[in-house]
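Start at 1 and go down the list; that is how both ligands and their atoms are numbered.
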Amino acid sequence: MKPIKIGPYKLLSNIILAPMAGVTDLPFRLICRDHGAKFAFFEMIDCNSILYGKKKENDIIRTTSKDKPIAAQLVGPDPDLMLKAAKELVKRLAIKFLDINAACPVPKMVKKKAGAYFLKDPGNLYKIVRSLACELDLPITVKLRSGYHKADHDKIREIAENCEKNGASAIFIHGRTQDQGYSGEVDLEAIKIVKNAVNIPVFGSGNIFSADNARKMIDSTGCDGVMVARGAYGNPWIFKDIEKLLKNGTLPEPRTIDEKLKAAKKHIGYIEKHRNMRPQSMAGYMRKVAQWYMKDFPNACHLRRILNNVKTKGQLLAILDRTPEIIGTNGAFPGAV
Ligand SMILES: Cc1cc2nc3c(=O)[nH]c(=O)nc-3n(C[C@H](O)[C@H](O)[C@H](O)COP(=O)(O)O)c2cc1C
């Protein structure tokens, strides 16, 4: 694949970790980076939370020197507030570019006329892109979906073209509509249309759960790169796997249960170190994360039942140590990738 430049910044890989609210926190990004991700996003940041600081927002922008290079994404409806928030954000964070969210389908956000609302009525999106691109000394990008109620290829082409005209340096497009949320087919044609309409890099998003999914998206749309989202849950190797497939045409060996358990424990260690949560919430969160790594294990139902009773990190780690015994393997059994 051709190397991508977003403004003056040359990406180290065309495969990047997508923003996911409530998921791509610092522990998630670190585990992905440890296993091959070369670029990541903070989760989406609400412009009001930056300006009127809430505690939750501190967790969202927590980072370390290992958590680089990185981009941020702002969501909000109002061009003036977005500019103010963006200026504040770039003072606090060393980011390579700043993305504007025109994709979030959550009704609360759409009601505020932000996120995916811009797909219906893009006027303020263009104003935001223009003012941030003019006033800030870093590239501004936009994350779109294929449409609002239904895919509208003419409209999404027009929106992408106008984002570019107003100064956007790249487009990320999730090939689903607001109505679809996160399920249903991905409209590869919409991604292809956007790719052909603009001269800035275009990244496709949607159903990238394997290296093969990524190759198919790139082959059928011509997009410059892809964003990995839910495909990285319990599979932080996916970035390396995609790169390998694109480079050599080879698919990876399935990871063993031991490798998956080791990664799960490391992820849990990062949560303990970097998240600021009440002990019970933290144990619940760690259990959810551990289950991502175990979803393809034999006897998964039995294991899930045992995990459901976990109340502390200590209990969870003890179960992870006993997992090969619980599921009746010696740990070398390959899980599906
Ligand atoms: C839990 C969750 C949170 C998400 N949060 C964001 C977000 O903050 N900003 C954003 O642009 N997209 C967000 N997305 C969308 C993803 O970045 C991605 O475009 C989408 O999940 C499609 O990719 P996938 O089918 O491979 O998961 C989120 C998705 C999920 C599942």
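Protein heavy atom at the shortest distance from atom 18 (C) of ligand 1 is S205 OG, 3.3 Å. What sits closest to atom 27 (O) of ligand 1 on the protein, heavy atoms only, is R230 NE, 2.7 Å. Atom 17 (O) of ligand 1 has its closest protein heavy atom at P19 O, 2.9 Å.
Considering backbone and side-chain N/O atoms, N207 comes within less than 3.5 Å of an N/O atom of ligand 1.
Ionic pairing of D67 and R29 is present here: one or more N-O contacts between side-chain nitrogen and carboxylate oxygen are shorter than 4.0 angstrom. Between R157 and D154 there is a salt bridge, since a side-chain N of the basic residue sits under 4.0 Å from a carboxylate O of the acidic one. Between R255 and D296, no side-chain nitrogen of the basic residue sits less than 4.0 Å from a carboxylate oxygen of the acidic one, so the salt-bridge criterion is not met. We find that E88 and K91 are joined by a salt bridge, their nearest charged nitrogen and carboxylate oxygen being less than 4.0 Å apart. Under a 4.0 Å N-O distance rule, the pair K216/D212 qualifies as a salt bridge. The residues K150 and D179 are annotated as not salt-bridged, no charged nitrogen and carboxylate oxygen being separated by less than 4.0 angstrom. A salt bridge is defined here as a Lys NZ or Arg NE, NH1 or NH2 lying under 4.0 Å from an Asp or Glu carboxylate O, and K113 with D121 fails to meet this definition.
Every atom of ligand 1 with a heavy atom of I208 under 4.0 Å away is listed here by number and element: 26 (O). Of all atoms in ligand 1, numbered sequentially from 1 with element shown, those under 4.0 Å from a heavy atom of R176 are 25 (O). Within the listing of ligand 1, atoms 17 (O) sit less than 4.0 angstrom from a heavy atom of A18. Atoms of ligand 1 found under 4.0 Å from any heavy atom of M44 (numbered from 1 in listed order, with element): 7 (C), 8 (O), 9 (N). Using a 4.0 Å cut-off to heavy atoms of N101, the atoms of ligand 1 that qualify are 9 (N), 10 (C), 11 (O).
Ranked by closest heavy atom to atom 20 (C) of ligand 1, the top entry among H174, Q73, M217 is H174. When A102, G22, A214, A21 are ranked by how near their heavy atoms come to atom 3 (C) of ligand 1, first place goes to A21.
Contacts between K143 and ligand 1, counted as non-hydrogen atom pairs separated by less than 4.0 Å, involve the side chain only. Contact annotation for M20 and ligand 1: heavy atoms of both the backbone and the side chain come within less than 4.0 Å of the ligand. Heavy atoms of A103 found under 4.0 angstrom from ligand 1: none, in either backbone or side chain. Residue contacts with ligand 1, taken as heavy atom pairs separated by less than 4.0 Å, involve Y182 solely via side-chain atoms from C-beta onward.
Not a single heavy atom of M227 sits less than 4.0 Å from an atom of ligand 1. Residue G206 places a heavy atom under 4.0 Å from ligand 1.
A side-chain donor-acceptor contact under 3.5 Å links S210 and N213. A donor-acceptor contact closer than 3.5 angstrom is absent between the side chains of N207 and Y182. Side-chain contact check for N235 and Y293: no donor-acceptor pair (N or O, by modelled atom type) lies under 3.5 Å.
One hydrophobic cluster holds both V226 and F28 under the rule that ILVMFWY side chains link at heavy-atom gaps under 4.5 Å.
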